[in-house]
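Take a look at the structure below.
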Amino acid sequence: MKFDTPAGTNPIDQEKVVGKPHPRIEGPLKTTGRAVYSYENHEAAPNAAYGYVVGSGIAKGRISSMDAREAKAAPGVLAIVTADNAGSIKKQGFYVAKPLAGPEIEHYHQAIALVVAETFEQARHAASLIRVDYARGQGAFDLAAARGGAKPHQRQPDVRIGDFDKAFASAPVKVDATYTTPDHSHMMLEPHATIARWDGDHLTIWSAQQIVGWARRDLGNKLSIPQDKIRVVATYVGGGFGGKGSVCSDAILAALGARAIGRAVKVTLPRPLMPNNTTHRPATIQRVRLAAGRDGKLVAVGHETLSGNLPGGGPEIAAAQTQLLYAGANRLNLTRLATLDLPEGNAMRAPGEASGLMALEVAMDELAEKLGMDPVELRVINDTQVVPGDPGRGSPTDPQAASGNQGKSKEGPRPFSIRQFVPCLRTGAERFGWKERSPKPGSRREGRWLIGMGMASAIRGAPIIPAGGRVTLDGKGIVTVESNMTDMGTGSYTIIGQTVAEMMGLPLDRVVVKLADSNYPEAFGGGGQGGAASATAGAYAACVKLREAVATKLGFNSADAEFIDGEVRAGNRRTPLAQAARDGAITAEDKMEYGDLSQRFSQQTFGAHFCEVAVDAYTGEIRIRRMLAVCAAGRILNPMTARSQVIGGMVGGAGAALMEELAVDKRFGFFINHDLAGYEVPVHADIPHQEVIFLEETDPTMSPVKAKGVGELGISGVAPAIANAVYNATGVRVREYPITLDKHLAKLPEI
C-alpha cells in the first residue's frame, strides 16, 4: 500500500478501540511470571549449554598470550571460543565495536573469549582460569583533552545560515555558556541475553533485540551467513532504551559457541560487564550562544557540540534539534567528533535531543533571566511554523530535501506537518500553576527547604519507516496479526491489536497478536520513536487487504462494506465476519510504503516539561516534588500505555539531571561504576507525582493511522526543566550534569 497523500477519513477515525486506555494485553503473562524472555526459552532449545564471556582487562593494546589449558580441563567445559578459532568476524552493522577481540583490543571489557560448559557455574569458574598477558597501548580516554583532534562528521553536517558572528556580536542581550553531560548507561532491567541453536546450516537465536530485522542483517553480515538461513525471535524484551538496537557480543558468541559444540548455547552478560562491553550514551561538551533583541526575539542561535567515539563510530548529534525548535535568522550548528578508546557510544533514548536540550534549554532560561522575561513567554515569542533557515523545498541547498526534488522550483521553507508547541507551553503553564513561580531565584522558602520551579521545551523527530503485517481471519471470527515489531514493555502488542480490532470491527479480545519473529513481515522494530507509528501503519495496510478479501468472499462491494461489532454491513444486509472463513482461514499481507510527505513537511513531536523541586538549605539535597509533561504527538493510540512511556521518560530525565554518570577512569580507560550498585538511577522514593497531558492531535501526513511515537519525547527536555527548577530554588547555576549537591552546596543562600 502506497501512502503519498495526506490521509482522509478512514476506519481508524471511529476510535471505538483505538485511542482507548486498554491495559497491556501481555500484562498478565508478565505479572504472573509466565512471559518467556529470551534466556528462558528452555522448551524451544532444550539441553542448552551455558556460555560465559571473558572481557578484556585493558582498554587499548593487544593480547600477547592467552593460556586456556587449565580452563579447558576444568569440569564440564565443552569449548572455548576465541578469535583464533572463531573464524572471520566482520565489523559491519549498527554497532562498530568488534564483538570478539583478538589480538587487537579496542576497549575495556571487549569480549576476548567465550567459555562453554554444562552449567553456568562451571563456565564461570573455567573463565576465571584463563590467563591473559597484554601489551598495553596508549589510549585516549579524556574527551576534553581530545578536543584538538575532533573533526566534523557527515552524520550531522555544519549549518551556517546568515551572519551569525555579526548578529551575535551586535545583539543587546546574549548568552555564551558551556554545558557538559556525562556518559550514561542504559541499565535496562533485562541484561543482554541470547540462546542460539543450529539446525544444519540454519541458525535460530532467541535474543533480547529491539529491531529484529537489524539483528538478522547484522548477524548475517558479521558471521557471513545468508540472511535467509537466520531466524531471530525476541518475543519479550525487558527494556532496551537503544542498548539492544542490534546484536551485541552475547548474540554473536552464542552463535559461535553453539556451532562449536553442535547444540544450543545460552549466553547472558553479567551486569558488571554490560556498561563497558556494550554501548552507552556518550558524554558531550556543548557551547550554546543565544542572542536576542530587547523584545526577546532571537537574532542569533549557535550550538556547538563535541562528543567522542571509537574509530568508525558516530557523534552524539546534540545540536540537531536546535535547527528546528526556535525561530532566528542567523544560525550556527557545529558537530565535532573526537576519537576515544572508551567503549562504544551509540543510541540511547532520544539520542541527540535528550543531551542537546540539557544545554539549549538551560541557555534559554539564562537568556530569559537576562531579558527579565518569563521563560515560557520567551519560548512562545520565538515559535515558528516553518523550519528556520530552510531555503525552500526542492532547493539544491536544502540538506533535508529529497534528491528527487533537486532543481525544482522553490516553494518556500518547509512547514511543520503540525506544530502545537505553543499550546503545550500554555497548557502546561496553566495546569502547573506557573504563575506562582518566584521570579527571584533563591527567595522562596518553606522551613529549611528552598523551593523552585523550572520548565523546558521538548521536541523529538517523528520518523516513520516502511512496515508490513500479516492478518488471518479464522472460522471463529478471531483475527491473528503477525509482525516482527518488538515490545520492550512499551505496549506494542496492545496498540497493534487495537489497530486490527478497529479495522476489522472487533473487540480487542478477538485479536491475537504475534510479534518479534523474523519469520513475520518486516515492521522495523522498537527504536528512534518510530516503532509504534510504523508497525500500526503496516497492520493497517494488511487489514485493508483482509477487508477486501472478506467483503469479496461474502459478496459485498468492498468500497461500501463496514466492519462493525463482528459483522460486515452494507445497506440493510448484515453478515457475521466469521462466516467469511467458514471454508478455511483467510490471510492477507501487505506493507505500508511512503512517498515524499516526510520531505515536504517536517514531522516532529512537541512538548513542554514543568518541574518543582525543594533543595535543603543546609545539605544541598535536591528533592523533586512534582512533574508535568504536556505532549503533542499525533493520535494517541492508547493513553494508558502512552502515559507509561512518558512517565518512564520523565524518570530517565530525572536520573540524567541529578544522579546518572558513568565515571571514567582516565588513566586506564574504563567506566568504574559499571553495575547497579555504583551507577545510580532513580528509585520509587525519588519520583513524586507525575502528570501527563496529551493534546488532541492527529497528523494526516504520517500514515492513515495519523499517529506518531511518544516514548522518546517523554525524556526530551526533562533534565533541563529540573536544572532550571534547581536554579530557581537556589540561585546557583550548575552547568555540569548531573547536578549533585557538591556542585552547589558552597554557593547556597545564607541560612
Side-chain angles (χ1 to χ4, degrees), residues 17-32 35 37 186-190 210 236-244 348-350 354 424 428 431 458 460 462 485-499 508 513 515-516 525-533 535-536 605 607-611 624 626-656 681-695 697 707-718 721:
V17 186
V18 166
K20 299 297 186 287
H22 289 279
R24 294 188 310 194
I25 60 178
E26 86 287 4
L29 295 176
K30 292 179 175 177
T31 55
T32 59
Y37 287 82
H186 302 88
M187 287 295 173
M188 69 290 286
L189 186 60
E190 177 201 29
Q210 292 180 222
Y236 299 110
V237 181
F241 311 113
K244 296 173 182 173
M348 184 171 169
R349 196 172 197 171
C424 287
R431 182 68 69 91
R460 174 62 177 155
M485 176 63 185
T486 52
D487 192 322
M488 299 179 283
T490 49
S492 301
Y493 280 98
T494 310
I495 60 171
I496 291 172
Q498 288 177 267
T499 302
L508 185 55
V513 185
L515 299 183
Q529 196 174 263
T536 54
T605 59
H609 288 282
F610 292 79
C611 179
I624 299 174
R626 58 194 179 99
M627 306 172 78
L628 167 68
V630 183
C631 303
R635 170 176 274 128
I636 301 302
L637 300 168
N638 183 329
M640 182 180 293
T641 58
R643 177 183 181 275
S644 292
Q645 283 301 288
V646 174
I647 65 173
M650 294 162 76
V651 172
V681 297
V683 297
H684 288 300
D686 298 312
I687 303 301
H689 175 71
Q690 296 173 308
E691 185 179 2
V692 180
I693 299 171
F694 295 112
L695 299 187
E697 178 178 298
K708 298 175 178 176
V710 75
E712 298 189 342
L713 182 68
I715 193 174
S716 301
V718 175

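Predicted model, so just to flag it, every value in this text is computed and none were measured.
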Query raised in the report: With no hydrogens and no angle check, is any side-chain donor or acceptor of Gln210 less than 3.5 Å from a backbone partner on Gly242?
Result: yes
Query raised in the report: Heavy-atom distance under 4.5 Å between the side chains of Thr494 and Glu26, does that happen here?
Result: yes
Query raised in the report: Would you say the side chain of Tyr37 lies within less than 4.5 Å of the side chain of Val237, judging by non-hydrogen atoms?
Result: no
Query raised in the report: At what distance, to the nearest 0.5 angstrom, does CE of Met627 lie from CZ of Phe610?
Result: 12.5 Å
Query - Donor-acceptor under 3.5 Å (Thr536 side chain, Ile496 main chain) - result: no
Query - Side-chain heavy atoms of Asp686 within contact of Ile624, under 4.5 Å - result: no
Report task. Measure the shortest side-chain to side-chain distance between Met640 and His22 over non-hydrogen atoms and say whether it is less than 4.5 angstrom. Result -> no
Query raised in the report: Do NZ/NE/NH1/NH2 and the carboxylate oxygens of Arg460 and Glu712 come within less than 4.0 Å?
Result: yes
Query raised in the report: Between Pro639 and Pro21, what is the shortest heavy-atom contact and its length?
Result: CD-N, 3.8 Å
Requested in this report: Return yes if some donor-acceptor pair links the side-chain N/O of Gln498 with the main-chain N/O of Asn638 below 3.5 Å, else return no.
Outcome: no
Query raised in the report: Going through the distances and angles, do Ile495 and Thr641 end up as a side-chain contact (heavy atoms from CB on, under 4.5 Å)?
Result: CA-CA 9 Å; Ile495 60 171; Thr641 58; 4.1 Å; yes
**Report entry** Arg349 side chain to Gly711 backbone, donor-acceptor under 3.5 Å
**Finding:** yes
Query - Separation between OH of Tyr493 and CZ of Arg24, rounded to the nearest 0.5 Å - result: 11.5 Å
**Report entry** Sub-4.5 Å side-chain heavy-atom contact between Val513 and Ile25
**Finding:** yes
Query raised in the report: Can you tell me if His186 uses its side chain to pair, donor with acceptor, with the backbone of Gly243 under 3.5 Å?
Result: yes
Report task. Starting at CD of Gln690, measure out to SG of Cys611 and round the result to the nearest 0.5 Å. Result -> 10.0 Å
Query raised in the report: Within the side chain of Ser492, is there an N or O that forms a donor-acceptor pair under 3.5 Å with the backbone of Met488?
Result: no
Query raised in the report: Are any side-chain N or O atoms of Lys244 and backbone N or O atoms of Gly239, one a donor and one an acceptor, separated by less than 3.5 Å?
Result: yes
Query - Atom pair CZ (Phe694) and CZ (Arg635), whose distance is rounded to the nearest 0.5 Å - result: 14.5 Å
**Report entry** Point-to-point distance, once rounded to the nearest 0.5 Å, from CD of Gln529 to OG1 of Thr490
**Finding:** 11.5 Å
Report task. Determine, for Arg431 against Glu691, whether the closest basic-nitrogen to carboxylate-oxygen distance falls under 4.0 angstrom. Result -> yes
**Report entry** Interatomic distance, Leu695 atom CG to Ile636 atom CD1 [nearest 0.5 angstrom]
**Finding:** 9.0 Å
Query raised in the report: Sub-3.5 Å donor-acceptor pair from the side chain of His689 to the main-chain atoms of Leu628, do we have one?
Result: no
Report summary line: In terms of heavy-atom contacts, Ala707 and Ala533 come closest through O-CB, 3.5 Å
Report task. List for me each residue that meets ring pair (Phe, Tyr, Trp, His ring centres under 6.0 Å) alongside Phe241, sequence neighbours excluded, and say none if there are none. Result -> none
